[in-house]
Amino acid sequence: MNQYDTIVEKLKRQGHRLTAVRLALLKMMVATERPQTAAQLLEQLRRKLPRVHKTTLYRELDFFSGEGIFRGVTFEDAVVRYEINKEHH
């Protein structure tokens, strides 16, 4: 089972909703090798789901961060970038 499937199964077991936005965001994050800003993620997400609102993205980033699946990393430019939390189990 790959990382995406493992995380999806865990979310299902915990009773979380698996919305189109949530699944698309997770798939993008698993596929990327570099931390992404919210703006970069929104741009990529809108290619697949054009009507996604910025507020929805931030809510999902908070959800995944709260679950320990994503983590925010702040670099010298003070912009938070998100990545898959490699320590997540």
Side-chain angles (χ1 to χ4, degrees):
M1 190 177 296
N2 64 33
Q3 186 178 26
Y4 173 82
D5 292 332
T6 301
I7 294 169
V8 168
E9 285 304 313
K10 179 182 179 194
L11 293 173
K12 280 182 188 177
R13 280 193 315 272
Q14 293 174 338
H16 294 294
R17 291 181 30 200
L18 298 175
T19 64
V21 173
R22 195 167 279 178
L23 292 173
L25 180 59
L26 178 60
K27 190 170 277 191
M28 287 176 359
M29 290 296 290
V30 167
T32 189
E33 295 186 18
R34 288 187 289 186
Q36 303 288 309
T37 66
Q40 290 169 322
L41 290 169
L42 184 61
E43 181 181 326
Q44 293 172 45
L45 199 53
R46 283 185 173 160
R47 288 183 200 142
K48 296 176 190 261
L49 303 166
R51 299 184 66 170
V52 172
H53 194 275
K54 181 169 49 172
T55 303
T56 302
L57 172 65
Y58 279 103
R59 187 172 35 248
E60 295 303 333
L61 290 171
D62 285 344
F63 167 77
F64 281 114
S65 296
E67 290 296 314
I69 298 168
F70 295 175
R71 69 184 187 126
V73 180
T74 306
F75 290 89
E76 293 173 3
D77 61 2
V79 175
V80 177
R81 289 173 174 80
Y82 295 88
E83 64 184 5
I84 291 286
N85 185 357
K86 304 289 188 212
E87 298 170 6
H88 178 259
H89 292 86

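All heavy atoms count here, side chains included; hydrogens, waters and symmetry mates do not.
Between atom CD1 of residue Ile7 and atom NZ of residue Lys27 there is a gap of 12.5 Å, rounded to the nearest 0.5 Å. Atom CG of residue Leu57 and atom CD of residue Glu43 lie 12.0 Å apart, to the nearest 0.5 angstrom. Separation of atoms CE (Met29) and CG (Leu45) is listed at 11.5 Å; rounding is to 0.5 Å. Note that CD of Glu67 is 5.0 Å distant from CD of Gln14, once rounded to the nearest 0.5 Å. Rounding to the nearest 0.5 Å gives a distance of 9.5 Å between OG1 of Thr37 and CG of Leu42.
Scanning for side chain to side chain donor-acceptor pair (under 3.5 Å) contacts around Glu60 gives Arg22, with sequence neighbours left out.
Minimum interatomic distance between Gln40 and Pro35 (heavy atoms only, all atoms of both residues): OE1-O, 4.2 Å. Between Tyr82 and Gly72 the shortest heavy-atom distance is CD2-CA, 4.0 Å. For Leu41 against Met28, the heavy-atom pair with the smallest separation is O-CE, 3.6 Å. For the residue pair Ile69 and Leu11, the shortest heavy atom distance occurs at CD1-CD2, 3.8 Å. Ala24 approaches Leu49 most closely through the heavy-atom pair CB-CD1, 4.0 Å.
Leu23 and Val52 end up in the same hydrophobic cluster when Ile, Leu, Val, Met, Phe, Trp and Tyr side chains are linked at under 4.5 Å.
Comment: Glu9 does not engage Arg13 in a salt bridge, judged by the lack of any side-chain N to carboxylate O separation of less than 4.0 angstrom.
By the 4.5 Å heavy-atom criterion applied to side chains, Lys10 and Thr6 are not counted as neighbours. Two residues are said to be in side-chain contact when any heavy atoms from C-beta on lie closer than 4.5 Å; Leu25 and Leu61 meet this criterion.
Within the structure, the ring-ring contact (aromatic ring centres under 6.0 Å, His included) test picks out the following pairs touching residues 39-68 (sequence neighbours left out): His16-Phe63, Phe64-Phe70.
Within the 3.5 Å criterion, the main-chain N or O of Ala31 finds no donor-acceptor partner in the side chain of Glu33.
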